[in-house]
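Down below is the structure, laid out as structure tokens.
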Protein chains: 2
Amino acid sequence: MTTGRDSVGQRSETVRRANLSAILRELHTSGSLSRSELVARTGLTRSAIRGLIGELVAADLVSEERAEPLGTPGRPSPLVHTNPEQAVVLALEIAVDSLAAAEVGLGGRVLDQMRVDRPRRDLAAGEIVADLVHLAAGLRRDHPTGEGLLGVGVAVVGVVRRSDGFVSTAPNLGWRDVPLGDRLRAGLGSAGPIAVANEADLGALAEVRRGAARGADDVLFVSGEVGVGGGIIVDGKPMTGAAGYGGEVGHIAVNPAGRPCRCGSTGCWETEVGEGALLLRAGRPVDGGRVEVNALLRDAAAGSRSALDAMHEVGRWLGIGLASLVNVLNPRVIVLGGLFGRIYPLVRETIEEELGRRALPAPGELVRIAPATLGLDAPLLGAAELAFEPLLADPSRWLPPHGMLALASA
Amino acid sequence: MTTGRDSVGQRSETVRRANLSAILRELHTSGSLSRSELVARTGLTRSAIRGLIGELVAADLVSEERAEPLGTPGRPSPLVHTNPEQAVVLALEIAVDSLAAAEVGLGGRVLDQMRVDRPRRDLAAGEIVADLVHLAAGLRRDHPTGEGLLGVGVAVVGVVRRSDGFVSTAPNLGWRDVPLGDRLRAGLGSAGPIAVANEADLGALAEVRRGAARGADDVLFVSGEVGVGGGIIVDGKPMTGAAGYGGEVGHIAVNPAGRPCRCGSTGCWETEVGEGALLLRAGRPVDGGRVEVNALLRDAAAGSRSALDAMHEVGRWLGIGLASLVNVLNPRVIVLGGLFGRIYPLVRETIEEELGRRALPAPGELVRIAPATLGLDAPLLGAAELAFEPLLADPSRWLPPHGMLALASA
DNA sequence: CAAGGTTTAGAAGAGAGGAACACAAATCCT
DNA sequence: AGGATTTGTGTTCCTCTCTTCTAAACCTTG
């Protein structure tokens, strides 16, 4: 009987919260900005900006520096920048071929990062969690895990319920119904809140904040790995769906008469464009993994007919699936990650041809396609962004109660 | 270089606007509520509610009535209700088989309504606009068109750009690149702002506000007509995509080796589940239209084997397409409109079977499927909702400047 | 008819951003 | 050089809006 939505009633504090959030968000995505630029971006007055920045400075989240003259007339505006060391999150990633951990500071600076290969066989959740904890412990020895962390963000190749980090399926890991959030909480000790999300969803988040789709509000991120993952940004925000299962574009049915899929269905998109499909079409061992894919890409670059044919066939199916998604979502930008980003330069025409034939929007308003720019680390960076989200959404929770300020100044 | 999003900076007025908006929205969707219920729903205090309602009353948008005692102890709370006659919009619909017009008052009351059949051949935009204007003029003789209207909402079977009501394609009408918004503005004279949107998008809006999906935040509405239309609600708001072309689910590729589609592609969903596909499978004339469909439904209800087989085949493909969409969008509710709502009771198992096989979310969290409850009029009601949107989003623009109030009370 | 509970009414208070003015620090031009 | 110009900061009210608090109104229950 409730209306849902985000608790409608607004108050003065809501305004302050929103404005603090807007400022910190801008600083976080840009790293540093002048005060006057903040004025321009937020539409707030200088006095408001001054007051809000003052609070952020008091909390040591950001600092101001006397500006150096930049050749433009007028008094230079002080430069405001985030303090990466003062707000640090732990980002973890469970990918198909590797595990990764990173410490990322406010403003997006990667303070430390490690990635280790992972064999492609099924591993129990406990083992992977232990490996991740170990990996995290190896970061920045002077900054023991679990202390002073703002939170933890986790990217995982699997279908994740957002609310509690419950992984309902992860074919690449051989998992079903793994309470990953709880497991990590136990393994990491008290390292702040833990947020788990799908790898591609976080890749999308990273690409839209710091990568190929920067600034776009409606974005589709599609990443080709063993499976095909997707992340959708609607109106600047990740679209997770009702339970957080949204964006599983790898399992749209493009060819119901086609090959069986690991998910139990048949003719899913990933059976036509995934790594296995590419290798199959090229006549290489389907389970060859990265090694075979790299070899195939080399062959194609060298001009091998059969390699290129296989790629174009994948490109054709890629275009078919993308056209469906364009018709449903009408994104401004499509970012191709993983395998797709790598083959894109070779099969661009094929993809665009298929898209032109099947997608409805007028050619002039057709979507822009761009390969991912953050590469392998996109999901890891997205996990960091996820962990920063509570701070960015409501910085006031991390601010000293400002009765103190009033007292101090009086 | 701008951040997009909705101009971040917030001010005190923003708060008032948001709160007025929240209150009026609640009243609009519920028709009438007691003050104390509004307090509960918005989380605002009684005093705040009092002040805001006072302004809405002063603007004559709502009225308060002395409450009749309801058997509960305590002082009874006055009932607040909208004044449908004081804020009226004109809703228009260009459907496949008919044209419709309605006058709808604040709170959702349909004050007057007309619908006329339309032959299924292509008609020039000018003709249809003229017919619509004529239809609108016939509504409520005491309330001449173009006067005192808050705005106009238009639902049209076609791909529409939201910003200006430009129809880029409408296969059912034989239109390409018709500036419908401008045409209607010219035809209707000064009837307030005109907002045009896709029929299914508006059907979704109506069903989520007043129909089968009431209260749900993530909804997929799929309507079967000659073509297949779709409307998507994400987080309580219509998802239109970057240019407003989103939700064209009829043209996802489900069978690339299949039949050619009117859109120029092949194997689109609507070639497998549209009206034509159903008739074809049943061995009836593909262009038979409503008459044949009705006959087929009668046969099926009477137990005809061949009729039921055709329906189950359509149901199977319906399930395939829905599964794809569930994987992408993870909605809470799917509302089936038009043809699909009518065949749903007959093919429910088939749809659910296919959905169960192909959709990822765990069965326990699987989507709820419901036939539309607003029937033929859903898009028309959605058009009214669209036209109300500016008022609901910012009621303060329709309020007397409240310097006046202060003066009057002083 | 009194007691108890719920709600409205009105006044005072507190939080937050906006506007205006004086002043500061650069660049540009003569 | 040195003044004009431009851009930006600091500071002080001012306005807007919701909350809090107290008194009064109104209904049900025993």
Side-chain angles (χ1 to χ4, degrees), chain A residues 7-23 33-55 57 64-80 395-396 399 401-407 409-410, chain B residues 7-23 33-40 42-57 64-80 395-396 399 401-407 409-410:
Chain A
S7 87
V8 277
Q10 307 243 326
R11 352 194 298 187
S12 342
E13 294 163 40
T14 321
V15 174
R16 193 174 191 74
R17 187 177 323 161
N19 287 341
L20 273 169
S21 167
I23 291 177
L33 288 170
S34 73
R35 266 205 206 178
S36 51
E37 209 157 354
L38 279 171
V39 168
R41 295 201 185 193
T42 59
L44 294 172
T45 59
R46 290 194 293 268
S47 5
I49 294 282
R50 193 177 80 93
L52 296 170
I53 298 250
E55 276 198 64
V57 169
E64 281 189 298
E65 269 174 18
R66 191 173 202 71
E68 58 232 58
L70 283 171
T72 66
R75 176 173 176 171
S77 187
L79 213 61
V80 189
S396 59
L399 263 39
H402 54 282
M404 315 244 63
L405 278 174
L407 273 172
S409 69
Chain B
S7 88
V8 277
Q10 307 243 322
R11 351 194 300 187
S12 352
E13 295 163 38
T14 320
V15 174
R16 193 176 190 72
R17 187 178 323 163
N19 287 342
L20 274 170
S21 168
I23 291 178
L33 289 169
S34 75
R35 266 206 209 178
S36 51
E37 207 156 355
L38 279 170
V39 168
T42 59
L44 294 171
T45 57
R46 286 193 286 270
S47 336
I49 294 281
R50 191 177 77 94
L52 296 170
I53 298 250
E55 276 198 63
L56 293 174
V57 169
E64 284 190 296
E65 269 174 17
R66 189 174 203 70
E68 59 232 59
L70 283 170
T72 65
R75 178 173 173 172
S77 185
L79 213 60
V80 189
S396 59
L399 263 39
H402 54 284
M404 315 244 62
L405 278 174
L407 274 171
S409 68

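Note: CD (B:E13) to P (C:dG17) measures 13 Å, nearest angstrom. If you measure from atom CG of B:L52 to atom P of D:dC16, you get 15 Å, rounded to the nearest angstrom. Rounded to a whole Å, the CG atom of B:L44 is 13 Å from the P atom of C:dT8. Atom pair B:I49:CD1 and C:dG10:P shows a separation of 17 Å (rounding to whole Å applied). What separates CD of A:E55 from C1' of C:dG15 is a distance of 11 Å, to the nearest Å. Rounded to whole angstrom, the span from the CD1 atom of B:I53 across to the C1' atom of C:dA9 amounts to 15 Å. Across the protein-nucleic acid pair, A:R17 atom CZ and D:dC18 atom P stand 15 Å apart, rounded to whole Å. Across the protein-nucleic acid pair, A:R16 atom CZ and C:dG18 atom C1' stand 14 Å apart, rounded to whole Å.
In terms of phosphate contacts, A:N19 brings no side-chain nitrogen or oxygen within less than 4.0 Å of OP1 or OP2 of C:dA16. Taking side-chain N and O atoms only, A:R11 has no distance below 4.0 Å to OP1 or OP2 of D:dT17. Contact check, A:T45 against C:dG18: a side-chain N or O comes under 4.0 Å of OP1 or OP2.
By the side chain to side chain contact (heavy atoms under 4.5 Å, CB included) test, A:S34 pairs with A:S36, A:E37, A:S77, A:L79, sequence neighbours left out.
A:L52 is listed as a side-chain neighbour of A:L44, based on a closest heavy-atom distance under 4.5 Å. With a 4.5 Å cut-off on side-chain heavy atoms, B:S21 and B:P395 count as touching. B:V80 places none of its side-chain heavy atoms less than 4.5 Å from the side chain of B:L56. Side-chain contact between B:R35 and B:R50 is present, with at least one heavy-atom pair separated by less than 4.5 Å.
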Report each atom pair, protein N/O against N/O of nucleotides 8-11 of chain D, whose distance is under 3.5 angstrom.
from   : atom 1 : to    : atom 2 : distance (Å)
D:dG8  : OP1    : A:S36 : OG     : 3.0
D:dG8  : O4'    : A:R75 : O      : 3.4
D:dG8  : N2     : A:R75 : NH1    : 2.7
D:dT9  : OP1    : A:S77 : OG     : 3.0
D:dT9  : O4     : A:R46 : NH2    : 3.2
D:dG10 : OP2    : A:R35 : NH1    : 3.1

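Checking side-chain atoms of B:T42 against main-chain N and O of B:L38 turns up a donor-acceptor pair under 3.5 Å.
In terms of heavy atoms, B:V15 sits closest to A:R11 at CG2-O, 3.7 Å.
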